[in-house]
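Accompanying notes for the structure given below.
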Amino acid sequence: MGLRFDTLDVVEPEPVGDFYAAIGAGRGASRAGFSLAGVPAEPGDDAYGLTDRAMSALDADALLIDVEPCELAGVPAVRTLVLEQLGGLATVVLEQWRLVAAGERWVVTATADLAAWAQLAAGLRAVVATLEVEA
Amino acid sequence: MSLTVDHARAQVTGPDEEIRALLAEDAPPALEPPLLADGVRAARSPDARFRVTGLEEPLEAVADARAAALVLPLAGGRTALRGCTPSGLLGVLVRAVRLRPRPRAGGEPLTVPARVVGERSGAEEPLQAHLDALVAHWRIEAYGPGIGWYVEVLDSELGLWLVEALPEGKLTLTPATATAVLDELVALPGHVGLGAS
């Protein structure tokens, strides 16, 4: 069991093709993309608790922009939007969804250099919206 | 020259006239770190200009496709010029306007006379409650070759509203989330021809 998603031809395992062209070779401080990380859930875990813990551990270079309860993959989730300043020079976006599904805690992350976010956010969010719990 | 360079901030500081002279030179800027030199290049020949109002002090910046420079007026006739990356500039703008989580105002866009916002009175509820809880009313203007764009926001403890000017002294106020405001803000460079919108 786990989560699965559709790349919608927006993201690729490696940054090649149209997505790489959208990012622009050499542009930005970090690689734009989408990631899905899961670890076994503990009893009592829920999206709100996972989010509270993560947001209370933000470092001084992070800026919380938005927090929103939502639903993802058919289960309750919490979406957060954080800007991270890298070395005082560049700024990176981390839009994340936390949820508990299929016995695991999941963190879904869409990320890009802030200067590329206007081009990439819609595509990355569309990929996130395809997440489904896999039996 | 009495310019001083802060390497960590990629910033050069000096009397206004010396900063102006630095920007008027033709020779490539002999400055370190490279980000500062890139910022000075952008300031000499900017593709876009940004101005933030509604803060305690106006904030101005210029940018080209590679880099940007914040122009920071200081006391005593001095100016600081800070080089930054394109995303670094957007990050500075977001921090300057103190964008943060706010309750969802919800509801449909409202059209009101501009004086209602200017005087913060005379609005029907629930807008009046938002005006009573107003924390900031800021605007970021961006100008590119032959084009201008802006993002204007009413920031209340009760929620965020995007402001759009209409003819005949009226405004449209659209309830917005912080995410939607961020999306509008980061699209500004593209709207004025700096990268894609």
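The model shown is predicted, which means the values in this text are computed figures rather than measured ones. Chain identifiers are assigned alphabetically (A, B, ...) following the order of the sequence lines, protein sequences preceding nucleic acid strands; residue numbering begins at 1 within each chain. Both backbone and side-chain heavy atoms feed into the values below; hydrogens, waters and symmetry mates do not.
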Check: Relative to chain B, which segment of Ile65(A) carries a heavy atom at a distance below 4.5 Å: side chain, backbone, both, or neither?
Finding: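 For Ile65(A), backbone and side chain are both near chain B.
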
Notebook entry, point to check: In residues 30-51 of chain B, which residues are in contact with chain A at a heavy-atom separation under 4.5 Å?
Noted result: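 When heavy atoms of chain A are the reference, residues 30-51 of chain B contributes Leu35(B) within the under-4.5 Å range.
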
Find out if a path of hydrophobic residues (ILVMFWY) with successive side-chain heavy-atom gaps under 4.5 Å connects [X] to [Y].
{"X": "Val117(B)", "Y": "Trp161(B)", "answer": "yes"}
{"X": "Ile140(B)", "Y": "Leu72(B)", "answer": "yes"}
{"X": "Leu162(B)", "Y": "Tyr150(B)", "answer": "no"}

Item checked: Arg104(B) versus chain A, the contacting section by heavy-atom distance below 4.5 Å -> side chain

Note to self: Under 4.5 Å from any heavy atom of chain A, what part of Leu99(B) do you find: side chain, backbone, both or neither?
What the structure shows: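 The answer is both parts of Leu99(B).
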
Notebook entry, point to check: Who wins among Val94(B), Leu188(B), Thr179(B), Leu185(B) for the most heavy-atom pairs under 4.5 Å with chain A?
Noted result: Thr179(B)

Exercise: identify the closest heavy-atom pair between [X] and [Y]:
{"X": "Gly91(B)", "Y": "Thr91(A)", "value": "CA-OG1, 3.7 Å"}
{"X": "Val186(B)", "Y": "Ala118(A)", "value": "O-CB, 3.7 Å"}
{"X": "Leu90(B)", "Y": "Ala115(A)", "value": "CD1-CA, 3.8 Å"}

Checklist line | Close side-chain approach of Asp66(A) and Thr177(B), heavy atoms under 4.5 Å | finding: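 Yes, at least one pair of side-chain atoms sits under 4.5 Å.
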
Notebook entry, point to check: Leu182(B) versus Leu83(A): any side-chain heavy-atom pair under 4.5 Å?
Noted result: yes

Notebook entry, point to check: chain B contacts: which residues in residues 40-59 of chain A have a non-hydrogen atom closer than 4.5 Å to it?
Noted result: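 So far as heavy atoms go, nothing in residues 40-59 of chain A approaches chain B to under 4.5 Å.
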
Note to self: Does atom CH2 (Trp138(B)) have a neighbourhood of more than 12 heavy atoms from anything else shown, all under 6.0 Å?
What the structure shows: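 Atom CH2 in Trp138(B) is crowded, with more than 12 foreign heavy atoms closer than 6.0 Å.
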
